[in-house]
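Below you'll find the structure, written out as C-alpha coordinates, and then a few comments.
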Amino acid sequence: MTGPLPSVMYDGVIVGALARIGAEPGLTVTEALPDGKPAVVYEPRISADEAAVRLAGFRREVAGLVERGPA
(Lines give C-alpha, C1' and ligand atoms only; values in the text may rest on other atoms or scores of the structure.)
Protein backbone atom coordinates (compact mmCIF):
# COMPACT_ATOMS: atom_id res chain seq x y z
CA MET A 1 0.00 0.00 0.00
CA THR A 2 1.35 3.38 -0.86
CA GLY A 3 0.10 6.83 0.04
CA PRO A 4 -2.09 7.72 2.98
CA LEU A 5 -3.88 4.95 4.83
CA PRO A 6 -7.67 4.76 4.66
CA SER A 7 -9.14 6.37 7.78
CA VAL A 8 -10.61 3.06 8.99
CA MET A 9 -7.08 1.71 9.42
CA TYR A 10 -5.77 4.49 11.67
CA ASP A 11 -6.93 2.94 14.95
CA GLY A 12 -5.24 -0.36 14.20
CA VAL A 13 -2.05 1.34 13.05
CA ILE A 14 -1.91 3.46 16.20
CA VAL A 15 -2.57 0.48 18.49
CA GLY A 16 0.09 -1.52 16.66
CA ALA A 17 2.63 1.30 16.96
CA LEU A 18 1.90 1.69 20.69
CA ALA A 19 2.31 -2.06 21.16
CA ARG A 20 5.68 -1.98 19.39
CA ILE A 21 6.84 0.94 21.54
CA GLY A 22 5.70 -0.97 24.64
CA ALA A 23 7.62 -4.07 23.54
CA GLU A 24 10.66 -2.09 22.40
CA PRO A 25 10.84 1.13 24.47
CA GLY A 26 13.86 2.41 22.52
CA LEU A 27 11.84 2.86 19.32
CA THR A 28 10.77 6.28 18.18
CA VAL A 29 7.21 6.82 16.98
CA THR A 30 8.47 6.99 13.39
CA GLU A 31 10.27 3.66 13.77
CA ALA A 32 7.19 2.04 15.34
CA LEU A 33 4.85 3.09 12.53
CA PRO A 34 4.64 0.82 9.46
CA ASP A 35 6.25 2.05 6.26
CA GLY A 36 3.09 1.41 4.25
CA LYS A 37 4.60 -1.45 2.26
CA PRO A 38 3.21 -4.98 2.57
CA ALA A 39 5.47 -7.55 4.22
CA VAL A 40 4.30 -10.23 1.78
CA VAL A 41 2.56 -10.10 -1.60
CA TYR A 42 0.46 -13.08 -2.64
CA GLU A 43 -0.06 -13.76 -6.33
CA PRO A 44 -2.79 -15.98 -7.81
CA ARG A 45 -1.70 -19.47 -8.81
CA ILE A 46 -4.22 -19.68 -11.64
CA SER A 47 -4.89 -17.43 -14.61
CA ALA A 48 -7.85 -15.08 -14.84
CA ASP A 49 -9.36 -17.37 -17.49
CA GLU A 50 -9.10 -20.42 -15.21
CA ALA A 51 -10.61 -18.43 -12.34
CA ALA A 52 -13.53 -17.43 -14.58
CA VAL A 53 -14.13 -21.06 -15.56
CA ARG A 54 -14.09 -22.17 -11.91
CA LEU A 55 -16.39 -19.34 -10.85
CA ALA A 56 -18.85 -20.16 -13.63
CA GLY A 57 -18.89 -23.81 -12.53
CA PHE A 58 -19.44 -22.82 -8.91
CA ARG A 59 -22.31 -20.50 -9.84
CA ARG A 60 -23.86 -23.20 -12.04
CA GLU A 61 -23.77 -25.70 -9.16
CA VAL A 62 -25.24 -23.20 -6.68
CA ALA A 63 -28.02 -22.32 -9.12
CA GLY A 64 -28.80 -26.03 -9.49
CA LEU A 65 -29.01 -26.47 -5.72
CA VAL A 66 -31.31 -23.49 -5.37
CA GLU A 67 -33.59 -24.75 -8.14
CA ARG A 68 -33.88 -28.22 -6.56
CA GLY A 69 -34.78 -26.77 -3.17
CA PRO A 70 -34.38 -28.52 0.20
CA ALA A 71 -33.73 -32.24 0.20
Side-chain angles (χ1 to χ4, degrees):
M1 177 184 322
T2 60
L5 294 173
S7 61
V8 295
M9 294 180 68
Y10 287 137
D11 289 345
V13 169
I14 291 168
V15 168
L18 290 173
R20 286 193 67 200
I21 290 171
E24 302 175 52
L27 287 179
T28 65
V29 173
T30 302
E31 292 169 332
L33 290 170
D35 62 6
K37 297 176 187 169
V40 177
V41 176
Y42 295 96
E43 297 291 336
R45 292 186 180 173
I46 61 174
S47 70
D49 291 340
E50 177 65 20
V53 168
R54 291 183 185 189
L55 182 58
F58 173 79
R59 288 182 172 160
R60 186 174 49 254
E61 292 299 320
V62 170
L65 288 171
V66 170
E67 287 175 12
R68 285 193 290 272

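Closest approach of A32 to A17, counting heavy atoms only: CB-O, 3.7 Å. Nearest approach of I21 to L27, heavy atoms of both residues: CG1-O, 4.4 Å.
Note that CG of L33 is 9.0 Å distant from CG of L18, once rounded to the nearest 0.5 Å. The CG atom of D49 lies 12.5 Å from the CZ atom of R54; values are rounded to the nearest 0.5 Å.
A continuous path of Ile, Leu, Val, Met, Phe, Trp and Tyr side chains, each step under 4.5 Å between heavy atoms, connects F58 with V66, placing both in one hydrophobic cluster.
With hydrogens and angles disregarded, a donor-acceptor distance shorter than 3.5 Å links the side chain of R20 to the backbone of E31.
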